S.K.: 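This is the structure I have questions about; it appears just below.
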Amino acid sequence: TPDCRISGSVINSKQMLTRKEPNKIAFTFGKATAWYVNSTLIRKRLGKCSFAWDGGTQGKVNNGCGCAQAPSGQPSDCQNPSCPYNNKVPPDYRQTSTDKSSNVQRCICTKNEKKRPINWQHIPDCFWRGVAFYPPSGDAPDETHAMLKWRTQHQSEPNWDDPKHDPLSFWNEMIIDGHRLLEELRKDAAATIPAIVYDPTVHSHAKQDALRLANDMKNQYNLQKPVPVIKMDTNVNAADGGATPFIFEKGDEELHF
């Protein structure tokens, strides 16, 4: 697995929605809790790359924002010079992969039109860059909105046989730069991760887990109080402008560990 890979998703009213029960948030990857990372920081500082659906980034170089390079997933794989953790360029695997390397360049969607995915099965073929695509070369153009536009233009055909992989519902993948994230957390943790989000439908202790995460963050970064804990309601119509899919329940800030 690539070093310092931080993986998440972009949730909005246009995608990652259910089709049979129209426009409910499709939070389908089994996680009960999540960080909410400051979206302005992602756009201006933290975003490394994005994929219209699951990018399979555990097998990719440049911290998940390059081409697939097996093997990955097992501790023993790190001994293999070709594994994404070692982040080396084929065929001799001696040079470290950069933004200019062949095993990165050929998988940039905006530079390789034929690799742009038409459905979730082809999404690992290429990615869209973020501002932190390769920090040693400075900030890159943020292509996240291009990814989201591409995704919404290619999710109309339902997958009734495999609803989990329906192109409307299946999650996208956003990689943020782990090194820059740590820098921002040290500067202002509460501004970097302003909230912890939880989905109570995943399991009964989701809220307690979220409160514990918020408290751990308070202790680690010496905050005056924990960041808010926000419930995600996956039963409302997220495309309805009057809906409230994110709810702060009064009293949560009074719970301590």
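Heavy-atom basis, side chains included; hydrogens, waters and symmetry copies ignored. Numbers here simply count residues along the sequence, with the first being 1. Note that the structure is a prediction, hence the values are computed from the model and not measured.
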S.K.: Using modelled atom types only, decide if a donor and an acceptor are shared between the side chain of Asn237 and the backbone of Ala239 within a distance under 3.5 Å.
M.R.: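 Yes, because the side chain of Asn237 sits within donor-acceptor range (under 3.5 Å) of the backbone of Ala239.
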
S.K.: For Asp209 and Thr33, does a side-chain donor sit closer than 3.5 Å to a side-chain acceptor?
M.R.: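 Distance-only check fails for Asp209 and Thr33.
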
S.K.: Any donor and acceptor pair, going by atom type alone, linking the side chain of Asn12 with main-chain N or O of Gln15 inside 3.5 Å?
M.R.: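 Looks like yes, one N/O pair under 3.5 Å.
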
S.K.: With a 4.5 Å cut-off on side-chain heavy atoms, are Ile193 and Ile196 touching?
M.R.: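 Yes, their side chains come closer than 4.5 Å.
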
S.K.: How about Cys126 and Cys107: are their SG atoms under 2.5 Å apart?
M.R.: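 Taking the criterion (SG atoms under 2.5 Å apart), Cys107 and Cys126 fail it, so no.
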
S.K.: Would you tell me whether Glu173 and Ser7 have side-chain atoms, one donor and one acceptor, within less than 3.5 Å of each other?
M.R.: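 Yes, side-chain donor-acceptor contact under 3.5 Å.
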
S.K.: Taking only residues two or more places apart in sequence or in another chain, which ones pass ring-ring contact (aromatic ring centres under 6.0 Å, His included) with Trp171?
M.R.: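 Result, ring-ring contact (aromatic ring centres under 6.0 Å, His included) vs Trp171: Phe29.
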
S.K.: For the CZ atom of Phe27 and the OG atom of Ser9, what is their distance to the nearest 0.5 Å?
M.R.: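 Atom-to-atom, Phe27:CZ and Ser9:OG are 7.5 Å apart.
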
S.K.: Same cluster or not: Val89 versus Tyr93, using hydrophobic residues (I, L, V, M, F, W, Y) connected whenever any side-chain heavy atoms lie under 4.5 Å apart?
M.R.: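 Each belongs to a different hydrophobic cluster.
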
S.K.: Do Phe127 and Val131 share a hydrophobic cluster (ILVMFWY, side-chain heavy atoms under 4.5 Å, transitive)?
M.R.: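 Different clusters.
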
S.K.: For the side chain of Arg106 and the backbone of Ser102, is there at least one donor-acceptor N/O pair under 3.5 Å apart?
M.R.: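 Yes, the answer is positive, given that a donor and an acceptor are paired below the 3.5 Å cut-off.
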
S.K.: Please examine the side chains of Val37 and Leu46, heavy atoms only from C-beta on, and report whether any two atoms are closer than 4.5 Å.
M.R.: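 When only atoms from C-beta onward are counted, Val37 and Leu46 do touch, with a gap below 4.5 Å.
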
S.K.: Measure the acute angle between the ring planes of His165 and Phe170, then classify it against the limits of 30° and 60° as parallel, tilted or perpendicular.
M.R.: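 Plane angle over 60°, so perpendicular.
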
S.K.: If I compare all heavy atoms of Pro90 with all of Gln69, which pair ends up nearest, and what's the gap?
M.R.: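 Minimum heavy-atom contact is CD-OE1, 3.6 Å.
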
S.K.: Look only at the side chain of Asp77 and the backbone of Gln74, and say whether a donor-acceptor pair between them is shorter than 3.5 Å.
M.R.: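 Confirmed, Asp77 side chain pairs with Gln74 backbone.
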
S.K.: Locate the shortest heavy-atom distance separating Tyr198 from Ala206; write the atom from each residue and the value.
M.R.: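 Tyr198 and Ala206 have their closest heavy atoms at CB-O, 3.9 Å.
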
S.K.: Please tell me if the side chains of Trp128 and Cys49 come closer than 4.5 Å, counting only heavy atoms from C-beta onward.
M.R.: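 No - every pair of side-chain heavy atoms lies 4.5 Å or more apart.
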
S.K.: If two hydrophobic side chains count as joined below 4.5 Å and joins carry through other members, does Val10 share a cluster with Leu181?
M.R.: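 Per the 4.5 Å side-chain linkage, Val10 and Leu181 are co-clustered.
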
S.K.: Trp35 and Ile6: side chain to side chain contact (heavy atoms under 4.5 Å, CB included), yes or no, with the steps?
M.R.: CA-CA 11 Å; Trp35 305 333; Ile6 309 292; 4.0 Å; yes

S.K.: Heavy-atom count around Trp150 CH2 within 6.0 Å, excluding the residue itself: above 12?
M.R.: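 Yes - once you tally the heavy atoms of other residues, nucleotides and ligands closer than 6.0 Å, there are more than 12.
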
S.K.: Answer with yes or no whether the hydrophobic clustering places Ile108 together with Val61; edges join I, L, V, M, F, W, Y residues whose side-chain heavy atoms lie under 4.5 Å apart.
M.R.: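 Yes, because Ile108 and Val61 connect within a single hydrophobic cluster, where side-chain heavy atoms sit under 4.5 Å apart.
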
S.K.: Are the side chain of Asp166 and the backbone N or O of Thr18 linked by a donor-acceptor pair below 3.5 Å?
M.R.: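 No, Asp166 side chain to Thr18 backbone: no donor-acceptor pair under 3.5 Å.
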
S.K.: Measure the spacing between CG of Asn38 and OG1 of Thr192 and express it to the nearest 0.5 Å.
M.R.: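 That separation rounds to 7.0 Å.
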
S.K.: Can you tell me how far the CG atom of Leu168 sits from the CZ atom of Arg151, to the nearest 0.5 Å?
M.R.: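 Here the rounded value is 7.0 Å.
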
S.K.: Within a strict 4.5 Å, meaning less than it, do heavy atoms of the Asn62 and Phe133 side chains meet?
M.R.: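 They are in contact (side-chain heavy atoms under 4.5 Å apart), so the answer is yes.
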
S.K.: When you look at Asp233 and Phe246, which way does the side chain to side chain contact (heavy atoms under 4.5 Å, CB included) test go after all the steps?
M.R.: CA-CA 6 Å; Asp233 187 348; Phe246 299 102; over 6 Å; no

S.K.: Step through the shown structure and confirm whether more than 12 heavy atoms of other residues, nucleotides or ligands are within 6.0 Å of CG on Asp161.
M.R.: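 Incorrect, the count does not exceed 12.
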
S.K.: Of all the heavy-atom pairs spanning Gly47 and Met174, show the shortest one and how long it is.
M.R.: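 Smallest heavy-atom distance, with atoms named: CA-SD, 4.4 Å.
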
S.K.: Dump the intermediate steps for side-chain hydrogen bond (donor to acceptor under 3.5 Å, both in side chains) on Lys111 and Gln105, then the final yes or no.
M.R.: CA-CA 8 Å; Lys111 293 190 174 187; Gln105 280 283 312; 3.1 Å; yes

S.K.: State whether the side chain of Ser13 and the backbone N or O of Ala238 hold a donor-acceptor pair below 3.5 Å, judged by distance alone.
M.R.: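 Here the side-chain-to-backbone pair does not exist.
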
S.K.: Return the SG to CG distance between Cys4 and Leu182, rounded to the nearest 0.5 Å.
M.R.: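 So the gap between those two atoms works out to 7.0 Å.
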
S.K.: Among residues at least two apart in sequence or on other chains, which ones pass disulfide (SG to SG under 2.5 Å) with Cys83?
M.R.: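 By the disulfide (SG to SG under 2.5 Å) rule, Cys83 matches no residue at all.
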
S.K.: Determine whether more than 12 heavy atoms belonging to other residues, nucleotides or ligands lie under 6.0 Å from atom CD of Glu113.
M.R.: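 Open.
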
S.K.: With a 4.5 Å heavy-atom cut-off, do Lys207 and Lys231 have their side chains touching?
M.R.: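 No, too far: nothing below the 4.5 Å cut-off.
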
S.K.: Identify the two heavy atoms, one from Ser137 and one from Lys100, that lie closest to each other, and give their separation to 0.1 Å.
M.R.: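 Looking at all heavy atoms of both residues, the closest pair is OG-NZ, 4.1 Å.
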
S.K.: So do Pro194 and Val227 actually touch side chain to side chain, heavy atoms under 4.5 Å?
M.R.: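 Heavy-atom side-chain distance check fails, nothing below 4.5 Å.
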
S.K.: To the nearest 0.5 Å, tell me how far Lys225 NZ sits from Asn215 CG.
M.R.: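 Separation between the atoms: 14.0 Å.
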
S.K.: Backbone N or O of Gly55 within a donor-acceptor pair of the Lys60 side chain at under 3.5 Å?
M.R.: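 Yes.
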
S.K.: Main chain of Gln208, side chain of His205: is a donor-acceptor contact present, judged purely on distance under 3.5 Å?
M.R.: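 Not a single qualifying donor-acceptor pair exists.
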
S.K.: Are the side chains of Arg19 and Pro167 in contact, using a 4.5 Å heavy-atom criterion?
M.R.: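 A side-chain contact exists here, since the closest heavy-atom pair is under 4.5 Å.
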
S.K.: From Asn172 CG over to Ile11 CD1, what is the distance, rounded to the nearest 0.5 angstrom?
M.R.: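 The distance works out to 8.0 Å.
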
S.K.: Does the side chain to side chain contact (heavy atoms under 4.5 Å, CB included) test come out yes or no for Tyr221 and Leu185, once each step is laid out?
M.R.: CA-CA 8 Å; Tyr221 292 102; Leu185 284 168; 3.5 Å; yes

S.K.: Quick check on the hydrophobic clustering: are Val202 and Val236 connected, directly or via other members, by side-chain heavy-atom contacts under 4.5 Å?
M.R.: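 Hydrophobic grouping puts Val202 apart from Val236.
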
S.K.: Carefully, step by step, assess Glu183 and Arg186 under the rule salt bridge (charged side-chain N to carboxylate O under 4.0 Å, His left out).
M.R.: CA-CA 5 Å; Glu183 291 173 4; Arg186 286 191 287 266; 5.3 Å; no

S.K.: Taking side-chain contact (heavy atoms from CB on, under 4.5 Å) as the test, write out the residues that go with Asp142, two or more places apart.
M.R.: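 side-chain contact (heavy atoms from CB on, under 4.5 Å) check on Asp142 returns Arg43, Thr144.
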
S.K.: Set out, in order, the CA-CA distance, both residues' side-chain angles and the distance that settles side chain to side chain contact (heavy atoms under 4.5 Å, CB included) for His154 and Trp53, then state yes or no.
M.R.: CA-CA 11 Å; His154 294 82; Trp53 292 280; 4.0 Å; yes

S.K.: Would the distance check show the side chain of Asn86 and the main-chain N or O of Ser82 forming a donor-acceptor pair, the cut-off being under 3.5 Å?
M.R.: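 The answer is no, because no donor-acceptor pair under 3.5 Å joins these two groups.
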
S.K.: So which atom in Leu223 and which in Ala189 form the shortest heavy-atom distance, rounded to 0.1 Å?
M.R.: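 Smallest heavy-atom distance, with atoms named: CD2-CB, 4.2 Å.
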
S.K.: Report yes if some heavy atom in the side chain of Lys88 is under 4.5 Å from a heavy atom in the side chain of Thr96; otherwise report no.
M.R.: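 Side chain of Lys88 against side chain of Thr96, heavy atoms only: contact under 4.5 Å found.
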
S.K.: Give a yes or no answer on whether the side chain of Arg180 reaches the backbone of Lys48 with a donor-acceptor pair at less than 3.5 Å.
M.R.: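 Side chain of Arg180 to backbone of Lys48, a donor-acceptor pair under 3.5 Å: no, none is there.
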
